[in-house]
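Numbers here are sequence positions counted from 1.
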Amino acid sequence: METNLQNVKASQSNSPLKARFELYESILEIIFAILSGFFIFLGWLLGKFEMETASVAFFLTAYVVGGFFKAKEGITETIAEKSLNVEILMILAAIGSAIIGYWEEGAILIFIFAVSGALETYTTNKSHKELTALMKLQPKEARFIKDGNEVRIPVEKLNVGDFILVKPGEQIPADGVITKGRTSVDEAAITGESMPVPKEVNDQVFAGTVNGNGAITVQITKPNSETLFQKIIDLVQHAQNDKSPSQQFIDRFEARYVYIVLIAVGIMMFLPHYLFNWSWNETFYRAMVLLVVASPCAVVASITPAVLSAISNGARNGILFKGGVHLEKLSNIKAVAFDKTGTLTKGKPEVTDFVVTDTNKSEKQYILQRVASIEKQSNHPLAKAIVQYGLKHKIDFIEPEIVEDISGWGIQGKISGDTWKIGKKGFINFNSHVSQESLETFASEGKTVVFVQKNNDVIGLFALKDVIRQESKQAIKDIQKLGVQTVMLTGDNKSTAKSISKEIGIHEYISDCLPEHKVNEIKKLKNTYGTVAMVGDGINDAPALATANVGISMGEGTDVALETADVVLMKNELSKIGKAIQLSKQMNRIVKQNLAFSISIIILLVLSNFYQVIDLPLGVIGHEGSTILVILNSLRLLKA
């Protein structure tokens with residue numbers, strides 16, 4: 001049985017009105033299915049009192065009410081695609097049952113068919129639930145600032161460069177940069193982060209997130225159609241409409257199989273009468289039973305509900321699949337290649353060690369205050385890391401008298417008459433007061449060393465490192481437990497790459513890997529392992545993401561990485577990769593179970609019908625019951 005085409009098409013529109021209509025229609029389909037069952041009960045009851053005409057009238061009502069949605073879907077699709085489908089087979093089977101006087105059996109067929117259809121609609125709606133929730137979060141209006149005045153306008157009319165005002169507690173209507181004010185922003189809708197994120201001037205904010213306790217002025221940096229929020233919605237929509245290879249195969253199979261069944265039924269109406277001396281009534285009856293039991297409803301329903309349930313499960317857990325094809329491929333992954341910076345690591349250097357010479361140990365806080373105050377005047381990533389280290393240790397910043405940034409080397413400044421130089425070894429007057437053993441240790445650990453010189457003496461140093469994400473180690477372990485090889489690709493030198501890979505637990509690494517080399521390395525891995533996934537976050541990762549069998553992007557990654565990847569980890573949790581692989585394996589396992597079960601039931605019912613050991617009521621229950629069972633089996637993926 002096919003997924004409700006109207007529901008899928010409705011998901012392609014962002015219109016809340018259309019989403020509401022889809023909800024009402026699905027509720028109505030369930031109500032009609034229940035009413036159909038009620039009318040069958042009344043028909044059966046009246047039949048017991050030998051009120052045949054009234055009984056048939058209620059069975060006929062059950063036909064119309066229970067079969068309305070599926071008949072409409074079948075006829076609409078047949079006209080649109082100029083091809084017969086499963087729904088048409090069921091309509092013919094029900095009509096055939098009525099022709100030979102089996103009104104009750106035909107009504108039961110329609111009822112169970114309606115129930116399985118309602119279950120299928122439920123599965124589809126569950127897969128759309130995350131999209132609908134996201135769409136509800138989309139702001140509709142913005143406070144546009146024009147000539148110093150505030151004007152409320154639709155979000156679609158905002159242009160790049162416009163300024164908007166966002167008051168406390170309001171949703172931020174567009175991606176942009178704060179130009180005035182300070183606040184905290186709830187970004188749970190985008191990143192899944194439960195804690196509000198502090199924001200100030202020059203910080204980026206995203207559409208769909210919620211402003212905290214401060215009013216801010218934001219300059220728009222992206223049109224409404226290109227916001228990160230809209231990209232998330234597009235990803236979910238694409239995933240729901242893009243079919244996996246198994247789904248595509250079933251679609252092709254169904255189109256041919258329907259005609260095979262109709263031809264077989266046509267032959268069954270005449271041939272047994274002449275070959276086996278069956279009566280015409282028995283021949284026609286067996287043809288109708290064949291029409292019911294040979295219909296591929298359960299086979300068709302074996303895959304689509306499972307894929308939609310798995311995609312829904314992933315979306316609910318922060319894993320966005322761009323289509324069933326990528327979800328299906330994940331179960332075959334033999335190796336995962338990881339970009340280092342921003343993927344396995346945070347992508348920002350942090351101070352791991354602050355060391356001063358023996359003669360200056362009592363002045364450690366004083367030295368940190370001077371160095372951090374000077375570094376505060378620089379925009380260099382290492383300088384920002386040292387300033388953050390100072391903030392962490394609650395220093396009071398002071399204003400330097402003179403500051404000079406020496407590009408490529410470091411920074412120097414003057415405070416209270418003392419000259420301070422902070423930077424590379426070649427920038428300062430290096431002396432033996434610094435432990436050579438410490439320097440060798442830091443180098444072996446892949447750390448960057450920044451020296452501190454006061455006047456003419458080196459009095460200390462900072463060791464900085466792009467620290468690994470907290471969850472990286474466990475994520476790698478989880479992936480390796482699944483029998484998947486892990487590889488790290490990095491532009492760092494061999495010693496740094498070795499140190500990072502050892503700390504994380506990755507056994508294979510490729511160092512000195514320039515962006516243009518990553519594609520070649522992915523190709524080599526594909527030759528070695530077969531099916532390979534690539535995990536990255538930057539512009540330079542995009543070619544490798546496209547080359548891999550499955551590209552996985554971090555949610556905080558660049559636009560290019562998000563667009564190129566096949567899977568997006570919205571919460572930036574590497575642990576989700578192992579869960580995504582497990583979800584894919586479970587989905588494929590359930591699909592195989594469904595197919596084996598449904599095909600076995602069809603073969604059993606067809607043979608039983610040919611040997612005249614099964615009647616129409618049992619055929620209806622066996623056929624439609626198997627369809628309901630495979631859908632219920634697929635629904636288990638919602639809770640996986």
Side-chain angles (χ1 to χ4, degrees), residues 14-16 131 133-237 342 347-348 376-381 383-384 387-388 391 397 537-539 554-563 568 570 572:
N14 289 341
S15 167
L131 176 60
L134 283 172
M135 285 163 56
K136 286 180 180 177
L137 291 175
Q138 273 190 308
K140 303 296 184 295
E141 290 185 326
R143 299 178 186 272
F144 176 57
I145 300 174
K146 184 177 182 181
D147 301 326
N149 297 317
E150 177 190 321
V151 182
R152 294 186 74 90
I153 65 170
V155 172
E156 309 87 65
K157 292 187 177 181
L158 291 174
N159 297 310
V160 174
D162 286 347
F163 290 88
I164 57 173
L165 173 67
V166 186
K167 293 184 177 181
E170 292 183 340
Q171 284 184 312
I172 298 171
D175 287 9
V177 174
I178 298 175
T179 59
K180 183 181 178 182
R182 179 181 294 177
T183 188
S184 58
V185 177
D186 180 358
E187 296 187 339
I190 300 292
T191 65
E193 175 58 52
S194 58
M195 296 296 293
V197 181
K199 299 282 184 178
E200 55 185 27
V201 174
N202 294 327
D203 283 343
Q204 191 172 16
V205 292
F206 302 103
T209 57
V210 181
N211 186 22
N213 52 9
I216 52 175
T217 301
V218 177
Q219 184 176 23
I220 308 302
T221 56
K222 290 181 182 177
N224 184 55
S225 60
E226 296 179 11
T227 63
L228 178 59
F229 194 80
Q230 185 59 46
K231 281 190 167 87
I232 295 171
I233 292 176
D234 292 342
L235 287 177
V236 178
Q237 285 181 325
K348 297 177 182 177
K376 195 177 181 182
Q377 312 305 312
S378 172
N379 286 321
H380 194 281
K384 289 181 178 179
V387 170
Q388 286 299 316
L391 287 169
F397 290 96
D537 72 316
I539 294 173
M554 306 295 282
E556 290 179 349
T558 61
D559 288 352
V560 175
L562 286 169
E563 289 169 8
V568 178
M570 290 312 304
N572 303 297

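In this structure, Glu200 and Ile178 approach most closely via the heavy-atom pair O-CB, 3.5 Å. Taking every heavy atom of both residues into account, Ile172 and Val205 meet most closely at CD1-CB, 3.8 Å. Between Val210 and Gln171, the shortest heavy-atom distance links the atoms CG2-CG, 4.1 Å.
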Does the pair Thr183 and Asn213 meet the rule for a side-chain contact (heavy atoms from CB on, under 4.5 Å), with working shown? CA-CA 6 Å; Thr183 188; Asn213 52 9; 3.9 Å; yes
Please test Phe206 against Val185 for side-chain contact (heavy atoms from CB on, under 4.5 Å), starting from the C-alpha separation and ending with a verdict. CA-CA 9 Å; Phe206 302 103; Val185 177; over 6 Å; no
Show me, pair by pair, the donor-acceptor contacts under 3.5 angstrom made by side chains of residues 146-169, not counting sequence neighbours?
residue, atom, partner, partner atom, Å
Glu150, OE2, Arg143, NH1, 2.5
Arg152, NE, Glu141, OE1, 3.3
Asp162, OD2, Asn159, N, 2.8

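Between Lys199 and Ile216, every side-chain heavy-atom pair lies at or beyond the 4.5 Å cut-off.
Here Thr209 contributes atom OG1 and Gln204 contributes atom CD; the two are 10.0 Å apart, rounded to the nearest 0.5 Å.
Residues passing the side-chain hydrogen bond (donor to acceptor under 3.5 Å, both in side chains) test with Ser184, sequence neighbours excluded: none.
Among pairs with a residue in residues 208-218, none fulfils salt bridge (charged side-chain N to carboxylate O under 4.0 Å, His left out), at least two apart in sequence or across chains.
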